[in-house]
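Values reported hereafter were calculated over all heavy atoms of this structure, with side chains retained and with hydrogens, waters and symmetry mates removed.
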Protein chains: 2
Amino acid sequence: MQVEPMENLRSGCDERRNPVPDEEGHPTPEEMDLRTVLHALSDPHRYRVIARFLREPDGTERTCASFQLPVSKSTTSHHFKVMREAGLLRMVDHGNSRTAVLRRAELDARFPGLLDLVSKG
Amino acid sequence: MQVEPMENLRSGCDERRNPVPDEEGHPTPEEMDLRTVLHALSDPHRYRVIARFLREPDGTERTCASFQLPVSKSTTSHHFKVMREAGLLRMVDHGNSRTAVLRRAELDARFPGLLDLVSKG
DNA sequence: CGCGAGGTACGATGCAAGTAGAACCTATGG
DNA sequence: CCATAGGTTCTACTTGCATCGTACCTCGCG
């Protein structure tokens, strides 16, 4: 149950098994709303997830369960849905499980400095 | 009975810079918490107030009522209290009324880039 | 001196959001 | 082929928060 890096580097049209990312509720950078992102980050559990992603190399994939949030499985899923719909995370289907990836480059381009604030926290 | 007679600090009505931040519940930059600030900004009304401040010259003072938020007087006061306690605004006593000032320089130093995001919004 | 304007404090209320349990889904692996 | 792991969805509960009305405060001004 360890985290495999998998080297999922989104270079150009890198698509694993998920041809259309937007169909799963991922907003494009233009669709991202700052207030929605701020609200997503204002929750302690979600903030912690993003902060932890920021301490790891770019492109790191992690399962929702690997964060071991002190909440139930369904609540964890809810929080990841909020972050996904805000544009913070991208969910990648891996068959058996799904992993989350911080949309770092897109967020840095859309909201410059925001992730830096979180990483400095 | 419920109102503590805090010492009256205004020796001059046109006193702009308040040298003592903590007396009225203003956090120091070190006391500011990013999550608290993000939560304060995630509300549409509060976001609008900050965004409007950012369109005006630095140091601009405005009364709470001047924003004409589509909410009641007590709700407006509540929102300004949230922003004040988060560190976004500084309330300045002017005897008859009070004005709010965006703590721009302090926020820029404490959370670099945050206000820029709001102004680009 | 009382009145009004601008704000704050408090209690109540209604809705949004966090939370959990249970049922369900999908792919992997024995 | 079923058991299991990891996630999602549904429903329900509960907490938090925005909202409002009311009461009250503090000036400044008739």
Side-chain angles (χ1 to χ4, degrees), chain A residues 1-4 6 16-18 23-26 33 35-49 61-86 89-101, chain B residues 1-15 23-26 35-49 61-86 89-101:
Chain A
M1 60 159 288
Q2 197 37 258
V3 183
E4 283 87 352
M6 289 289 188
R16 307 185 69 77
R17 317 165 74 121
N18 217 340
E23 285 181 355
E24 292 199 49
H26 298 106
D33 174 52
R35 258 160 306 182
T36 305
V37 172
L38 296 182
H39 171 256
L41 288 173
S42 66
D43 179 87
H45 296 141
R46 296 193 291 256
Y47 188 95
R48 207 168 81 180
V49 168
E61 295 191 6
R62 295 189 55 170
T63 65
C64 307
S66 71
F67 290 92
Q68 301 184 71
L69 297 182
V71 292
S72 71
K73 195 167 63 165
S74 56
T75 301
T76 300
S77 183
H78 160 72
H79 283 308
F80 275 79
K81 180 182 182 184
V82 171
M83 291 186 281
R84 167 169 51 87
E85 291 180 342
L89 300 181
R90 182 181 304 278
M91 303 305 288
V92 182
D93 198 342
H94 280 290
N96 191 1
S97 66
R98 308 182 74 188
T99 53
V101 185
Chain B
M1 163 189 166
Q2 59 265 34
V3 176
E4 289 295 333
M6 62 182 81
E7 58 237 275
N8 199 350
L9 49 83
R10 53 180 220 87
S11 38
C13 284
D14 50 350
E15 186 71 39
E23 285 182 357
E24 292 196 50
H26 298 105
R35 259 161 305 181
T36 306
V37 171
L38 297 182
H39 171 255
L41 288 172
S42 66
D43 179 88
H45 296 140
R46 296 193 289 256
Y47 187 94
R48 207 169 83 180
V49 167
E61 295 191 8
R62 295 190 56 170
T63 65
C64 307
S66 71
F67 289 93
Q68 301 183 70
L69 298 181
V71 293
S72 71
K73 195 167 62 165
S74 56
T75 302
T76 300
S77 183
H78 161 70
H79 283 310
F80 276 79
K81 181 182 182 182
V82 171
M83 290 186 281
R84 167 170 51 87
E85 292 180 342
L89 300 181
R90 180 183 306 280
M91 303 306 287
V92 181
D93 198 343
H94 280 289
N96 193 359
S97 66
R98 308 182 75 188
T99 53
V101 186

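- B/His39 places its NE2 atom 15 Å from the P atom of C/dA16, with the value rounded to the nearest Å.
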When you compare the protein's N or O atoms with those of nucleotides 21-25 of chain C, which come within less than 3.5 Å of each other, and at what distance?
{"unit_1": "C/dG21", "atom_1": "N7", "unit_2": "A/Ser74", "atom_2": "OG", "d": "3.2"}
{"unit_1": "C/dG21", "atom_1": "O6", "unit_2": "A/Ser74", "atom_2": "OG", "d": "3.1"}

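- Nucleic acid contact for B/Arg46: sugar-phosphate only, since backbone atoms but no base atoms lie under 4.0 Å from a heavy atom of the residue.
- Atom pair B/Asp93:CG and D/dT26:C1' shows a separation of 9 Å (rounding to whole Å applied).
- Listed nucleotides D/dT8, C/dA17, D/dA18 differ in distance to A/Ser77; the shortest reach to its side chain belongs to D/dT8.
- Atoms NZ (B/Lys81) and P (D/dT19) sit 16 Å apart, rounded to a whole Å.
- In the set D/dA18, C/dT8, D/dT8, D/dA18 carries the atom at the smallest distance from any side-chain atom of B/Asp43.
- Summarising the geometry, the separation between NE2 on B/His78 and P on D/dA18 is reported as 4 Å, rounded to the nearest angstrom.
- Residues satisfying the salt bridge (Lys or Arg N to Asp or Glu O under 4.0 Å) test with A/Arg84, not counting sequence neighbours, are none.
- Across all strands shown, B/His79 has heavy atoms under 4.0 Å from sugar-phosphate atoms exclusively, and none from any base.
- A distance of 11.0 Å separates OG1 in A/Thr63 from CG in A/Asn96, rounded to the nearest 0.5 Å.
- Consecutive Watson-Crick or G-U pairing (both distances under 3.5 Å) extending over three or more pairs maps onto DNA chain D as C:1-30 with D:1-30.
- Here the nucleotide nearest the side chain of B/Arg98, chosen from D/dA18, C/dG6, C/dT8, is C/dT8.
- Pairing each heavy atom of B/Thr99 with each of B/His94, the nearest pair is OG1-CD2, 3.1 Å.
- No option in B/Met91, B/Arg98, B/Met83 other than B/Met91 meets the side-chain contact (heavy atoms from CB on, under 4.5 Å) test with B/Cys64.
- Checked against salt bridge (Lys or Arg N to Asp or Glu O under 4.0 Å), B/Arg62 has the following partners two or more places apart in sequence or in another chain: B/Glu56.
- Comparing A/Phe80 and B/Val82 against DNA chain D, the residue whose closest nucleotide sits nearer the 5' end is A/Phe80.
- Interatomic distance, B/Glu61 CD to B/Ser66 OG, rounded to the nearest 0.5 Å: 11.0 Å.
- Following rounding to the nearest Å, B/Tyr47 (OH) and D/dC17 (C1') show an atom-to-atom distance of 21 Å.
- At the heavy-atom level, B/Ser97 lies under 4.0 Å from the strands shown only through sugar-phosphate atoms.
- In this structure, the side chain of B/Ser77 does not engage the main chain of B/Ser74 through any donor-acceptor pair within 3.5 Å.
- When the C1' atom of D/dG6 is taken as reference, atom CD of A/Glu61 falls 15 Å away, rounded to whole Å.
- Of the candidate nucleotides C/dT8, D/dA18, C/dA5, C/dA5 has the atom nearest to the side chain of B/Asn96.
- Between A/Gln68 atom CD and D/dG6 atom C1' there is a gap of 14 Å when expressed in whole angstrom units.
- Between atom CZ of residue B/Arg46 and atom NE2 of residue B/His39 there is a gap of 5.5 Å, rounded to the nearest 0.5 Å.
- For B/His45, the side chain to side chain contact (heavy atoms under 4.5 Å, CB included) test picks out B/Asp43, B/Leu69, B/Pro70, B/Val71, B/His79, with sequence neighbours left out.
- For A/Thr36, the side chain to side chain contact (heavy atoms under 4.5 Å, CB included) criterion is met by A/Asp33, A/Ala86, not counting sequence neighbours.
- Separating the NE2 atom of B/His94 from the C1' atom of C/dG6 is a distance of 13 Å, rounded to the nearest angstrom.
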